[in-house]
There are 2 protein chains.
Amino acid sequence: MSKTILIADDEQDIRDLISYNLSKEGFTVESAANGKEVLQKLEQSPADLIILDIMMPEMDGFEACKAIRANPKTANIPILFLTARAGEVDQIVSLELGADDYVQKPVSPRVLVARVKSLLRRFDRSEQKPATAAAEQINSDGVKVDRSSYKVFVNDKEVFFPRKEFELLYFLASHPGRIYKREALLDEVWGRDTFVVERTVDVHIFKVREKLGDYGKRIETVKGVGYRYVLE
Amino acid sequence: MSKTILIADDEQDIRDLISYNLSKEGFTVESAANGKEVLQKLEQSPADLIILDIMMPEMDGFEACKAIRANPKTANIPILFLTARAGEVDQIVSLELGADDYVQKPVSPRVLVARVKSLLRRFDRSEQKPATAAAEQINSDGVKVDRSSYKVFVNDKEVFFPRKEFELLYFLASHPGRIYKREALLDEVWGRDTFVVERTVDVHIFKVREKLGDYGKRIETVKGVGYRYVLE
DNA sequence: TATCATTGTTACCAAATTGTTAAGCAAATT
DNA sequence: AATTTGCTTAACAATTTGGTAACAATGATA
């Protein structure tokens with residue numbers, strides 16, 4: 001009753017590395033070198049989870065994801081993206097498409113295996129698909145955050161947000177209710193290899209709140225823990 | 001509380017440099033001059049992360065890594081490689097050694113520290129903890145404790161809990177029926193090396209009960225022993 | 001019942017945490 | 001080259017929290 005994982009990455013080394021580690025854990029592994037191969041493989045036999053690299057020749061992860069979601073037969077398969085870096089366009093794009101999780105490169109086999117298991121558990125429990133990681137546009141009445149145009153609207157009036165503040169608001173608003181420690185926000189918004197002091201987050205939170213006006217209250221502080229974006 | 005990093009490099013200068021920078025950041029640092037020493041040190045005391053140079057006399061990084069992974073006790077410790085040449089990166093990947101990250105020499109202390117922190121965070125988050133791991137949300141009718149949002153609901157109404165009170169309730173509710181001595185609660189909720197008077201627990205229990213209203217009765221006192229959370 | 005041991009409750013204060021402001025840089029733009 | 005913009009940091013203010021002591025209540029034991 002082993003689950004089947006389909007891996008797509010153009011680098012053979014990465015495929016081998018992931019493949020090796022997943023099969024060691026008892027998964028059945030299929031692999032593909034680009035998006036087109038992914039679709040071909042899926043036609044032949046279904047998969048329980050798909051790992052997609054974003055940058056691939058022929059058909060990239062972005063297009064592949066769209067195609068997978070468009071087909072009713074495969075629309076509900078969980079997808080895990082491999083991204084080069086947090087905050088990069090790649091990630092942005094993947095999140096609007098119904099990606100369920102993502103792992104940053106360079107890939108740590110054990111992190112990946114843990115994520116795969118966690119994703120499968122999530123999907124096993126609730127047969128219906130959980131909310132996707134994030135949407136392109138977040139519209140929580142009064143506050144609209146639009147990824148494609150990089151604009152924020154407060155009460156339908158545009159308010160300018162510099163990049164970091166935008167990313168921070170976007171990330172928090174994408175996961176309403178969920179609490180994030182400062183270090184987690186640094187990982188997610190600033191990306192790995194950041195050399196900034198944790199308190200930098202506070203200053204950005206302050207600025208975001210300021211720009212949100214009354215809605216600034218939606219970003220709640222939990223002392224000793226972190227911040228969260230709430231909807232009432 | 002402080003994480004222990006084990007560094008292996010045959011050059012004393014490098015060990016010192018890395019050691020200095022990591023301890024400045026609050027890490028406890030151990031060092032070894034070759035692979036054999038790494039294994040010896042690990043037998044004596046575990047580490048939270050290992051930094052391995054590839055080229056070392058006696059036993060090189062590759063072999064050390066293999067040995068570390070082969071031993072169940074150390075198999076899950078994240079490993080970060082130091083590589084001299086670009087070519088070595090490929091080797092790490094292709095050898096399927098289970099490296100979690102790598103840094104190229106010459107080592108920039110800032111980059112290294114950032115990687116170490118990032119790796120530790122990644123592992124904290126994705127590694128599922130042993131059997132004691134509790135659910136994200138505990139829902140014992142009338143009382144809901146949610147870790148992901150750090151909120152408590154009593155009869156579906158949100159009640160604010162400061163950190164310690166939240167953690168205390170969360171811990172007790174995660175192990176219903178079981179009795180915990182004050183000492184044990186201090187270990188679990190406050191942490192292993194805290195210098196707090198045991199009666200502090202009482203005060204917190206009181207506050208938690210107060211906030212739980214009628215459900216406060218669920219936290220029972222066992223005289224001379226401790227407390228427990230019961231479900232009818 | 002009287003006494004002792006244990007726990008409940010309250011209030012206060014020090015320490016930890018966060019909010020807020022402003023200054024210094026570096027990168028981008030003019 | 002000069003100016004602007006955004007990011008980071010440090011410093012100080014404001015706030016919250018958690019720890020403790022003191023006293024009250026409870027209950028076990030003789």
Side-chain angles (χ1 to χ4, degrees), chain A residues 86-87 150-152 159-172 179-191 193-213 216-229, chain B residues 1 25-26 110 113-114 117 150 152 159-172 179-191 193-229:
Chain A
Y150 239 84
K151 284 180 178 173
V152 177
V159 180
F160 175 73
F161 276 65
R163 194 171 314 122
K164 281 273 150 59
E165 291 167 36
F166 180 91
E167 297 287 357
L168 180 57
L169 172 60
Y170 178 77
F171 179 76
L172 286 173
I179 191 141
Y180 290 96
K181 291 189 282 197
R182 278 165 243 274
E183 59 171 34
L185 291 173
L186 284 180
D187 271 358
E188 297 287 351
V189 177
W190 272 254
D193 287 354
T194 39
F195 312 110
V196 298
V197 171
E198 284 199 355
R199 293 291 321 270
T200 300
V201 174
D202 300 35
V203 178
H204 284 262
I205 290 280
F206 173 71
K207 289 177 180 165
V208 170
R209 279 178 176 150
E210 200 173 32
K211 291 187 174 126
L212 289 181
K217 281 181 288 216
R218 286 194 185 163
I219 300 181
E220 293 184 346
T221 304
V222 179
K223 273 206 163 186
V225 187
Y227 298 98
R228 72 184 157 209
Y229 185 89
Chain B
M1 197 46 199
E25 295 288 325
R110 301 183 90 204
V113 169
K117 286 183 176 173
Y150 227 83
V152 176
V159 180
F160 175 71
F161 275 64
R163 181 152 74 123
K164 281 275 147 61
E165 291 166 36
F166 179 92
E167 296 290 355
L168 180 57
L169 171 61
Y170 179 78
F171 179 77
L172 286 173
I179 301 176
Y180 290 96
K181 292 188 278 198
R182 289 174 179 71
E183 182 191 330
L185 291 173
L186 283 179
D187 267 5
E188 296 286 351
V189 177
W190 272 255
D193 30 33
T194 38
F195 311 98
V196 180
V197 170
E198 284 200 353
R199 294 290 322 271
T200 300
V201 175
D202 300 35
V203 178
H204 283 263
I205 290 280
F206 171 71
K207 289 177 180 165
V208 171
R209 279 177 175 152
E210 198 174 33
K211 289 185 175 131
L212 289 182
D214 287 343
Y215 299 109
K217 281 180 283 208
R218 285 194 185 163
I219 299 181
E220 292 184 349
T221 303
V222 182
K223 248 197 161 182
V225 188
Y227 299 97
R228 73 177 157 203
Y229 186 89

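When reading the values below, keep in mind they use all heavy atoms of this one structure, side chains included, and skip hydrogens, waters and symmetry mates. Given the structure is predicted, the values throughout are model-derived calculations rather than measurements. Here is how names work: the chains are called A, B, and so on, in the same order as the sequence lines, proteins then strands, and each is numbered from 1.
As rounded to whole Å, 14 Å separates atom P of dT7(C) from atom CZ of R228(B). Between the NZ atom of K211(A) and the P atom of dG19(C) there is a distance of 16 Å, rounded to whole Å. Atom CD in E220(A) sits roughly 16 Å away from atom C1' in dT15(D) (whole-Å rounding). Going from atom CZ of R209(A) over to atom P of dT20(C) covers 7 Å, rounded to whole Å. One can place CZ of F160(B) at 9 Å from P of dT16(D), the figure rounded to the nearest angstrom. One interatomic measurement links the two molecules: CG of L186(A) to P of dT9(D), which rounds to 10 Å at whole-angstrom precision. As a whole-Å value, the separation of E167(A) CD from dC7(D) P is 10 Å. With rounding to whole Å, D202(B) atom CG is found 13 Å from dA5(C) atom C1'.
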Are there any protein N/O atoms within less than 3.5 Å of an N/O atom in nucleotides 26-30 of chain C, and if so, which ones and at what distance?
none

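Every residue meeting the side chain to side chain donor-acceptor pair (under 3.5 Å) condition with E220(A), not counting sequence neighbours, appears here in chain and number order: R228(A). Residues meeting the salt bridge (charged side-chain N to carboxylate O under 4.0 Å, His left out) test with R199(A), sequence neighbours left out: D202(A). Not counting sequence neighbours, Y227(B) has no partner by the ring-ring contact (aromatic ring centres under 6.0 Å, His included) test. For K164(A), the salt bridge (charged side-chain N to carboxylate O under 4.0 Å, His left out) criterion is met by no residue, not counting sequence neighbours. For K151(A), the side chain to side chain contact (heavy atoms under 4.5 Å, CB included) partners two or more places apart in sequence, or in a different chain, are S149(A), F153(A), E158(A).
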Let me check something: any side-chain donor-acceptor pairs from residues 207-219 of chain B under 3.5 Å, sequence neighbours excluded? List them with distances.
from    : atom 1 : to      : atom 2 : distance (Å)
R209(B) : NE     : I219(B) : O      : 3.2
R209(B) : NH2    : I219(B) : O      : 2.9
R209(B) : NH2    : T221(B) : OG1    : 2.6
K211(B) : NZ     : E165(B) : OE1    : 2.5
Y215(B) : OH     : N155(B) : OD1    : 2.8
R218(B) : NH1    : S140(B) : O      : 2.9
R218(B) : NH1    : S140(B) : OG     : 3.4
R218(B) : NH1    : D141(B) : O      : 3.4
R218(B) : NH1    : Y229(B) : OH     : 3.3
R218(B) : NH2    : D141(B) : O      : 2.7
R218(B) : NH2    : D141(B) : OD1    : 3.4

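For the pair R182(B) and E210(B), both in contact range of DNA chain C, the more 5′-proximal nearest nucleotide belongs to R182(B).
Side-chain nitrogen and oxygen atoms of Y227(B) include at least one within less than 4.0 Å of the OP1 or OP2 phosphate oxygen of dG8(C). For dG8(C), the OP1/OP2 oxygens have a side-chain nitrogen or oxygen of T221(B) closer than 4.0 Å.
Within the 4.0 angstrom heavy-atom criterion, no nucleotide atom of any strand lies near F166(A). F161(B) comes within 4.0 angstrom of no nucleic acid atom, judged by non-hydrogen atoms across all strands.
Each ring pair (Phe, Tyr, Trp, His ring centres under 6.0 Å) pair with one or both residues in residues 194-213 of chain B, not counting sequence neighbours, appears once here: W190(B)-H204(B).
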Worksheet entry | Where protein sits on nucleotides 18-27 of chain D, one letter per nucleotide: B base, S sugar-phosphate only, - none, heavy atoms under 4.0 Å | BSBB----BS

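Of the candidate nucleotides dT17(C), dT21(C), dG8(C), dG8(C) has the atom lying nearest to any side-chain atom of F206(B).
Contact annotation: the side chain of F161(B) never approaches that of Y170(B) to less than 4.5 Å [non-hydrogen atoms, C-beta and beyond]. Residues R163(B) and V222(A) are not in side-chain contact: their nearest non-hydrogen atoms beyond the backbone lie 4.5 Å or more apart.
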